[in-house]
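Here's the structure, in structure tokens; my notes come after.
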Amino acid sequence: MSSSTPVAPTKDKLNILSFSGKNKILHLGWMAFFLTFFVWFNHAPFLSAIGETLNLSKDQVKTLLILNVALTIPARVIIGMLTDRFGPRIVYTAILSIGAIPCFTFAFAQDYNTLALSRFLLGFVGAGFVVGIRLMSDWFPTSELGTAEGIYGGWGNFGSAAAALLLPTVAIGAAAVFGGDEGWRYATAMSGVVMALYSIIFYRMARNTPKGATYFKPKKSGAMMVTSTGDFWLMMAFKLPMYLALALLAWKLSPSGVSLLSQSSVTMVYIGLAVLYVYEFISSYRFNKEVFTTPVPAAHRYDFKQVGILNILYFATFGSELAVVSMLPLFYQETFSLSIVMAGVLASSYAFMNLMSRPGGGWLSDKFGRKITLLILTAGLAVGYLLMGFLDSTWPLSLALLITMFCSFFVQAGEGAVFAVIPLIKRSMTGQFAGMTGAYGNVGSVVYLTVLSLVSYQVFFFVIAATAVVGFFALFLLKEPEGVIIEEMPDGSFAEIQVSHR
């Protein structure tokens with residue numbers, strides 16, 4: 001068995017003040033993720049202004065929030081597979097450049113249909129996250145991986161807070177220069193220009209792996225590989241909620257919701273989703289049919305249950321973050337009678353915590369262990385959302401802000417701790433695991449935002465707290481990664497990758 005190692009040498013330590021070696025890749029990665037989030041949530045501070053410009057109902061505005069996260073469900077799975085196949089450099093460049101197109105069509109939309117379609121397509125840029133997870137896993141050793149991915153995810157996620165902080169000011173400036181009261185159009189279009197320009201920088205400066213290192217690819221491509229019959233059935237069970245979330249979106253767009261689609265069109269969507277699931281089931285069975293007849297060698301084996309538990313946790317953590325980031329400016333504006341700019345500034349406090357909390361979750365996971373860290377953080381986020389459920393106009397604004405930041409810490413630190421585990425399951429499939437778990441974050445956001453469209457803000461926060469409790473109990477089934485991961489090299493030999501949380 002070969003003892004070669006596919007990760008970067010540890011001579012150059014993780015140093016956020018450095019812009020060389022693997023630290024350069026870290027900075028290039030989080031900046032790419034930052035810009036995708038900046039564009040993905042460039043609408044959040046302008047929801048009331050957009051509604052006034054196009055005469056939208058409150059239900060139509062809330063539907064935009066659901067549409068914004070819907071496409072990311074299948075996109076993250078597909079992008080994860082493409083990343084494992086073609087490498088992060090090409091895939092991230094494509095997301096950054098192509099994603100600017102629906103940004104422009106959204107910015108200058110003249111009717112609700114164009115606005116809604118553009119917002120739906122913009123969900124594509126939300127898939128960029130999984131690309132960076134694979135990129136970090138190939139540049140950093142396991143002793144630094146949680147911290148590196150926490151910095152990547154946390155600083156990148158801050159893009160949504162930056163959008164809430166900066167874009168209203170840009171919109172005011174644009175309105176002063178160009179006149180009129182539609183400065184939001186110029187502000188959102190500007191974000192797309194910046195992202196497209198950065199795609200050129202990323203392509204020219206990024207590398208998939210350190211020089212001389214092996215870029216591991218799945219032994220087979222085309223579907224997710226499992227290594228036992230039980231894992232096959234579990235995988236297919238976990239794929240079903242992704243289709244159900246899209247069906248939920250279709251219902252919201254039906255005459256029972258905002259009437260964007262006719263009932264016959266919605267019925268066709270339901271049938272199409274059912275057919276796609278059956279097709280994926282058949283394709284996955286053909287791809288993995290050997291496991292039903294031949295035992296999988298130990299070198300290729302992994303436990304899919306680990307992925308499933310992380311899916312549940314990310315549903316509650318990142319799913320709730322996407323939902324809350326989308327609605328929080330409006331919540332502050334309506335609950336405390338604030339201006340758009342002030343509501344955006346206060347709401348940005350939730351995403352602002354990403355700068356430290358998500359890297360902190362990765363660091364805690366590296367330092368004290370993956371499982372115990374996740375248990376503590378998941379319990380904390382359940383308490384945080386329970387407290388947010390009690391907020392109303394009678395509360396002091398300062399205390400509401402403090403509770404928001406308290407909740408945000410546990411949510412985002414939990415996200416960092418979740419993705420500190422992903423690459424330690426099976427490195428060659430990191431992109432696919434990250435894609436599926438990332439997609440579950442979007443499934444969570446679709447579910448939560450649909451709940452929000454039907455209930456009060458308070459009930460919305462209580463529902464999130466309840467799902468966090470489910471994730472807490474699921475964690476007791478998680479196995480602490482330890483020992484070594486065995487990966488097959490391109491020449492047929494095997495490499496041992498040491499796994500340790502210390």
Fill in: Test side-chain hydrogen bond (donor to acceptor under 3.5 Å, both in side chains) applied to Asn157 and Glu321, step by step
CA-CA 10 Å; Asn157 268 11; Glu321 180 181 354; 3.2 Å; yes
Worksheet item: Is the shortest heavy-atom distance from the side chain of Pro423 to the side chain of Glu149 under 4.5 Å?
Response: yes
Discussion item. If you define the side chain from C-beta out and look only at heavy atoms, does anything of Tyr285 sit under 4.5 Å from Ile282?
Written reply: no
Worksheet entry | Atom pair OG1 (Thr404) and CG (Leu391), whose distance is rounded to the nearest 0.5 Å | 6.0 Å
Item to complete: Check whether any side-chain N or O of Ser445 sits under 3.5 Å from a backbone N or O of Asn442 as a donor-acceptor pair, and report yes or no.
Response: yes
Worksheet item: So do the side chains of Gln306 and Phe433 get within less than 4.5 Å of each other, counting heavy atoms only?
Response: no
Worksheet item: With distance as the sole criterion, is a donor-acceptor pair present between the side chains of Arg134 and Thr83 under 3.5 Å?
Response: no
Worksheet item: If you look at every heavy atom in Ala245 and Ile73, which pair is closest and at what distance?
Response: CB-CD1, 3.8 Å
Worksheet entry | Minimum-distance pair of heavy atoms, taken over all atoms of Phe46 and Asn42 | CD1-O, 3.3 Å
Worksheet item: Would you say the side-chain atoms of Asp392 and Gln458 include a donor-acceptor pair closer than 3.5 Å?
Response: no
Worksheet item: What's the verdict on ring-ring contact (aromatic ring centres under 6.0 Å, His included) for Phe390 and Phe461, showing C-alpha distance, side-chain angles and the deciding distance?
Response: CA-CA 9 Å; Phe390 290 110; Phe461 290 125; over 10 Å; no
Fill in: Reported CG-to-OG1 distance for the pair Leu249 and Thr63, which is rounded to 0.5 angstrom
8.5 Å
Worksheet item: Do you know which two heavy atoms are closest between Leu54 and Leu115, and how far apart they sit?
Response: CD1-CD2, 3.6 Å
Worksheet item: What pairs with Val130 under side-chain contact (heavy atoms from CB on, under 4.5 Å), at least two apart in sequence or on another chain?
Response: Arg76, Ile79, Ala434
Worksheet item: Excluding sequence neighbours, so at least two apart, what forms salt bridge (Lys or Arg N to Asp or Glu O under 4.0 Å) with Lys58?
Response: Glu334
Item to complete: Of all the heavy-atom pairs spanning Tyr332 and Leu401, show the shortest one and how long it is.
Response: OH-CA, 3.7 Å
Worksheet entry | Summary of side chain to side chain donor-acceptor pair (under 3.5 Å) pairs that have at least one residue in residues 240-258, sequence neighbours excluded | Asp59-Lys252, Tyr243-Glu280, Lys252-Ser453
Item to complete: Take Tyr385 and Ser320 through the side-chain hydrogen bond (donor to acceptor under 3.5 Å, both in side chains) test and state the conclusion after the steps.
Response: CA-CA 9 Å; Tyr385 278 121; Ser320 66; 2.8 Å; yes
Practice prompt. Can you measure from OG (Ser326) to CZ (Phe331) and round to the nearest 0.5 angstrom?
Written response: 14.5 Å
Worksheet entry | Point-to-point distance, once rounded to the nearest 0.5 Å, from CZ of Phe158 to OG of Ser357 | 11.0 Å
Worksheet item: Can you check whether Leu135 reaches Ile25 side chain to side chain, under 4.5 Å on heavy atoms?
Response: yes
Worksheet item: Looking at OG of Ser283 and CG of Asn288, how far apart are the two atoms once the value is rounded to the nearest 0.5 Å?
Response: 11.0 Å
Practice prompt. Report yes if the side chains of Leu346 and Leu338 come closer than 4.5 Å at any heavy-atom pair, otherwise no.
Written response: yes
Worksheet entry | salt bridge (Lys or Arg N to Asp or Glu O under 4.0 Å): pairs with one or both residues in residues 256-266, sequence neighbours excluded | none
Discussion item. Tyr350: which residues meet the ring pair (Phe, Tyr, Trp, His ring centres under 6.0 Å) condition with it, sequence neighbours left out?
Written reply: none
Discussion item. According to ring pair (Phe, Tyr, Trp, His ring centres under 6.0 Å), who are the partners of Phe104, at least two apart in sequence or on a separate chain?
Written reply: none
Discussion item. Testing Thr373, Leu381, Leu374, Leu375 one by one against Leu377 for a side-chain contact (heavy atoms from CB on, under 4.5 Å), which residue passes?
Written reply: Thr373
Practice prompt. Answer yes or no: are there more than 12 heavy-atom neighbours, outside Met356 itself, under 6.0 Å from its atom CE?
Written response: no
Worksheet item: Where do Gly126 and Thr72 come nearest, in terms of heavy atoms and distance?
Response: C-CG2, 3.5 Å
Practice prompt. To the nearest 0.5 angstrom, please state how far the CG atom of Leu276 sits from the CD1 atom of Ile271.
Written response: 12.0 Å
Discussion item. Quick one: does any side-chain atom of Ser97 pair with a main-chain N or O of Thr93 as donor and acceptor, under 3.5 Å?
Written reply: yes
Practice prompt. Take atom OH of Tyr457 as the centre, draw a 6.0 Å sphere, and report whether it contains more than 12 heavy atoms from other residues, nucleotides or ligands.
Written response: yes
Practice prompt. For Phe281 and Trp233, run ring-ring contact (aromatic ring centres under 6.0 Å, His included): C-alpha distance rounded to whole Å, both residues' side-chain angles, the deciding distance at 0.1 Å, then the answer.
Written response: CA-CA 10 Å; Phe281 183 94; Trp233 295 111; 5.7 Å; yes
Worksheet item: Is the shortest heavy-atom distance from the side chain of Met236 to the side chain of Ser284 under 4.5 Å?
Response: yes
Worksheet item: Is the shortest heavy-atom distance from the side chain of Phe129 to the side chain of Phe318 under 4.5 Å?
Response: no
Worksheet item: Does any pair with a residue in residues 405-418 pass salt bridge (Lys or Arg N to Asp or Glu O under 4.0 Å), and if so which ones, sequence neighbours excluded?
Response: Arg358-Glu415
Discussion item. Suppose the criterion is salt bridge (Lys or Arg N to Asp or Glu O under 4.0 Å): which pairs have a residue in residues 103-128, not counting sequence neighbours?
Written reply: none
Response to the item:
Sequence neighbours excluded, the answer for ring pair (Phe, Tyr, Trp, His ring centres under 6.0 Å) partners of Phe41 is Phe37
Fill in: pair Phe238-Ile312: side-chain heavy atoms closer than 4.5 Å
yes
Item to complete: Measure across Ala347 and Leu328 and return the closest heavy-atom pair with its distance rounded to 0.1 Å.
Response: O-CD2, 3.6 Å
Practice prompt. Evaluate side chain to side chain contact (heavy atoms under 4.5 Å, CB included) for Ile151 paired with Met136, printing each intermediate quantity in order.
Written response: CA-CA 10 Å; Ile151 292 171; Met136 297 305 117; over 6 Å; no
Worksheet item: What residues form a ring pair (Phe, Tyr, Trp, His ring centres under 6.0 Å) with Phe304, not counting sequence neighbours?
Response: none
Discussion item. As a quick check of understanding, evaluate side-chain hydrogen bond (donor to acceptor under 3.5 Å, both in side chains) for Thr105 and Ser118, giving each step before the final call.
Written reply: CA-CA 6 Å; Thr105 58; Ser118 301; 2.8 Å; yes
Worksheet item: Between Thr467 and Tyr448, is a side-chain hydrogen bond (donor to acceptor under 3.5 Å, both in side chains) present by the stated rule, with each step listed?
Response: CA-CA 10 Å; Thr467 55; Tyr448 293 142; 2.5 Å; yes
Item to complete: Could you tell me whether Lys239 sits above the aromatic face of Tyr440, with NZ or CZ closer than 6.0 angstrom to the six-membered ring centre and within 45 degrees of the axis?
Response: no
Worksheet item: Which pairs, with at least one residue in residues 257-268 and sequence neighbours excluded, count as a salt bridge (Lys or Arg N to Asp or Glu O under 4.0 Å)?
Response: none
Discussion item. With side chain to side chain donor-acceptor pair (under 3.5 Å) as the rule and sequence neighbours excluded, what pairs involving residues 45-55 come up?
Written reply: Thr53-Trp184
